[in-house]
Every structure is written in structure tokens, then in C-alpha cells.
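Atoms within a ligand are numbered from 1 in the order they appear, just like the ligands themselves.
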Amino acid sequence: MNHSILLDRTMSCTVIVGGFFGDEGKGKIVAHVAHEDSPTIISRGGVGPNAGHTVLVGDTEYGVRMVPSGFVYPDARLMIGSGVLVDPRVFLKEVDLVGVDDRIFVDGRCGIIEEEHIKRDRGSEHLKTKIGSTGTGCGPANADRVMRTSRQAKDVPELAKYITDVPLEVNTAIEKGETVLLEGTQGFGISLYYGTYPYVTSKDTSASQIAADNGVGPTRIDDVIVVFKAYPTRVGEGPFTTEMTMQKSHDLGIEEFGTVTRRQRRIGLWDGEMARYSAMINGATQAAITGIDRIDPACYGVTEYDRLTAKARDFITQAEKDIRAPVTLISTGPEMSQIIDLRKEL
Ligand code: IMP
Ligand code: MG
């Protein structure tokens, strides 16, 4: 056993997940952490192409659903873990669009979304209307996967050149002392197990699931960063305890629209009780808060903690009490540079 590797502080595997109902701004947190920590692999877990992430690269806005949002960091290999559903049409289009053909890989065991799954999702009164699904075929594809009738990524010729053993790659990188980021999608509140069933997605979304999606055992995870948004949002149907009226969010100037479906997001106030429960099940070692500039616009673009207003700092203090873990990343605006990073002070 090589103890110098065991003691190497740079060796780490970090999971980044959403703490509320999704769309917390995980993508930006992943991008920032990647630029700071230089991972060799960024691999995603989560459900599949129901996840939407908008990325600004220069002046161009990309909406990605299959490619890990960490693609903006150019020096990592990108992977899609075994647990994730792959829609080959969406995948190939995005790989082309964002230009990652030479550094993206898919696990051969990923379940495949067929056109027929999309039809079933969109044609189902239950899924489309009652649950408010994204209509991307994920629910029916996961159902077929459980029934053991679906195809896997290794059965699709168009994907042949991208196929790898993601768990083997990821665990080997960790053993070599490299840094790995495991990127979650969706959010805690729409977990199949722990969310507001039946108004949930078709799989668990917690940190343990993201590790399992990539074939990484619990003992190998060093950090779990749970991302919370100062004003949580929810798309689709289902309970939302702290929801405000559309009029109120309009008055506050904080309206939002979904990346995948363009639906207007429901917006609510900070939910301390949910944050605590979510941090517990996710095993949060740290938390990120996004959209602090919405709590107090005077914080827009601030990059030092001491420059935050008293109102914002009180908010963070309360959030830390709720989460019971330190808030180490505070996003103060949409751009990559608009962030406060306190991780080194831990
Ligand atoms: P499905 O995952 O498409 O079956 O949709 C089930 C529920 O999860 C719906 O309320 C969707 O709006 C929600 N959902 C699925 N993926 C995401 C996501 O990435 N962000 C936010 N909500 C999501
Ligand atoms: Mg999203």
C-alpha cells in the first residue's frame, strides 16, 4: 500500500448535487470547481436528457442535456455513468454542437431512450399532465430498463467509438491520486425515493445515487457539495411548501424559464427544513448557495465574503444552521467569475 497516495490531500472524488428541486445552478458550480481543482475526469450521474443546463461560452448560449455541464472545463475527460439513460440522437447532436468528440465517453451499460419512449412519455396523461414530465422519454425508458427489455449503449453502433467502462476509468483515476468530479442532475426534491412522490423523476437523485451511477463506492467519496438556490424553484407539478405567487416573483424580478421545456419555473422562499433534510440524506460536507444577488442585489458580482451585505451574510448564517455544513461557495451572478470560494479556509 502506498501511504503517500493515501495522505495526498489533492487526491479527491467530489460529488456535486442539487439540494432543492433542480436547476440550482450546479453547472456553474461544477465549472468553477473544475477550473480550481483540475479534475482529470468529470462524469455525470442522474436520470438522463430530462436534465437541462444552460451554459454561456463567450456570447453563445448552449443548452445541454446529455453532455456533462463540466464540458466548459477543457482539460478533463467527460463521461456518462452507467446509471444514466442516453438518447443517442440528443447525445450525438450535443457532442457536435459543443465540440467534445475527442474527450467524451459513455458507459456501455447505459440504458437507451428510443423514439417510442418519448412518444409514450408525451402520450401519457399520467406522466405528461399529472406529473408534468419533461417529455424526454426518461420515465418509460427507466421502466423498460427495470423490465430488462431495453437496449444498452453498447448495442448502438453510432455510439461504438465513445464506449468505455466508466467505473473502471473513474476508480483508476482516484487510485492514481487524480481529482474526479461526479456531477449530479435534477434535485433532491424530485428524487424517486426521497422527493414528493409521485411528483418526482424516475430515479433517486441523491449523492449516493450519483456515486452508484458511476460505480463509485461510498468509501471513495471525499466531499459532497450540495447546491442550494437562495430562492428555490420547481418545474412541473407537485407540492412546494414555500412557493410564492407568480405576481410576487414578477415583482421581485426573479422569474425563470426552464432549459429543456421552456416552462415558467415556480419560485419559492428558502426552505430551511427541506435544506436540512436534503443535506442529511445527501451527506453534505459543504454547501453552495446560488443566486445570493437575488436576496440582495447589492451583492451582484461580489467575489469576497467581506463585501457581502449584512442581509446576505445573515442569510448565509441561517442557511449554515439549517444545512449543518459550511457554505463554501456563494454564487453572486451568472458569470463564472462571479463567485466567492471559501473552500481553502476550511
Ligand atoms: P421526468 O423526469 O421528465 O419524468 O419529469 C418528472 C418531474 O421531474 C417533472 O416535474 C419535471 O419537471 C421534473 N424534472 C425532471 N428533470 C428535471 C431537471 O433537470 N430540473 C428540474 N426538474 C426536472
Ligand atoms: Mg436544469
Checklist entry - Between E169 and T164, does any side-chain donor sit less than 3.5 Å from a side-chain acceptor? => result yes
Checklist outcome for this item: To the Mg ion (ligand 2), the closest N, O or S atom belonging to D23 is OD1
Checklist entry - Does F21 have a non-hydrogen atom less than 4.0 Å from ligand 1? => result yes
Next on the checklist: Between W270 and Y231, is the ring centroid distance below 6.0 Å?
Outcome noted: no
Checklist outcome for this item: among protein heavy atoms, the one nearest atom 21 (C) of ligand 1 is D23 OD2, 3.1 Å
Item to check | V235 neighbourhood, listing ligand 1 atoms whose heavy-atom distance to it stays under 4.0 Å | outcome: 10 (O), 12 (O), 21 (C), 22 (N)
Checklist entry - Is the backbone of R65 close enough, under 3.5 Å, to the side chain of E94 for a donor and an acceptor to pair up by distance? => result yes
Checklist entry - Would you call V200 a ligand 1 contact, heavy-atom distance under 4.0 Å? => result yes
Checklist outcome for this item: When distances are taken from atom 4 (O) of ligand 1, the protein heavy atom at minimum range is S133 CB, 3.6 Å
Checklist entry - Any heavy atom of R234 sitting closer than 4.0 Å to ligand 1? => result no
Checklist outcome for this item: CG (D213) and OG1 (T185) are apart, to the nearest 0.5 Å, by 8.0 Å
Item to check | Charged N-O contact under 4.0 Å between K248 and E243 | outcome: no
Checklist outcome for this item: In ligand 1, the atoms that come under 4.0 Å of a heavy atom of G132 are 9 (C), 10 (O), 11 (C), 12 (O)
Checklist outcome for this item: When distances are taken from atom 3 (O) of ligand 1, the protein heavy atom at minimum range is T134 OG1, 2.6 Å
Checklist entry - How far is atom 2 (O) of ligand 1 from its nearest protein heavy atom, and which residue and atom is that? => result T201 OG1, 2.6 Å
Item to check | Test: K344 and E36 ion pair at under 4.0 Å | outcome: yes
Item to check | Carboxylate-amine/guanidinium contact E114 R151, below 4.0 Å | outcome: yes
Checklist entry - When you measure from atom 19 (O) of ligand 1 to every protein heavy atom, which one gives the shortest distance, and what is it? => result A51 CA, 3.2 Å
Next on the checklist: Let me check your reading of the structure: within less than 2.8 Å of the Mg ion (ligand 2), is there an N/O/S atom from G52?
Outcome noted: yes
Next on the checklist: Return the closest protein heavy atom for atom 13 (C) of ligand 1 as residue, atom name and distance.
Outcome noted: I190 CD1, 3.7 Å
Checklist entry - Tell me: protein heavy atom nearest atom 17 (C) of ligand 1, and distance? => result Q186 CG, 3.6 Å
Checklist entry - Have S191 and D204 got a donor and an acceptor in their side chains that come within less than 3.5 Å? => result yes
Checklist entry - For D296 and T309, does a side-chain donor sit closer than 3.5 Å to a side-chain acceptor? => result yes
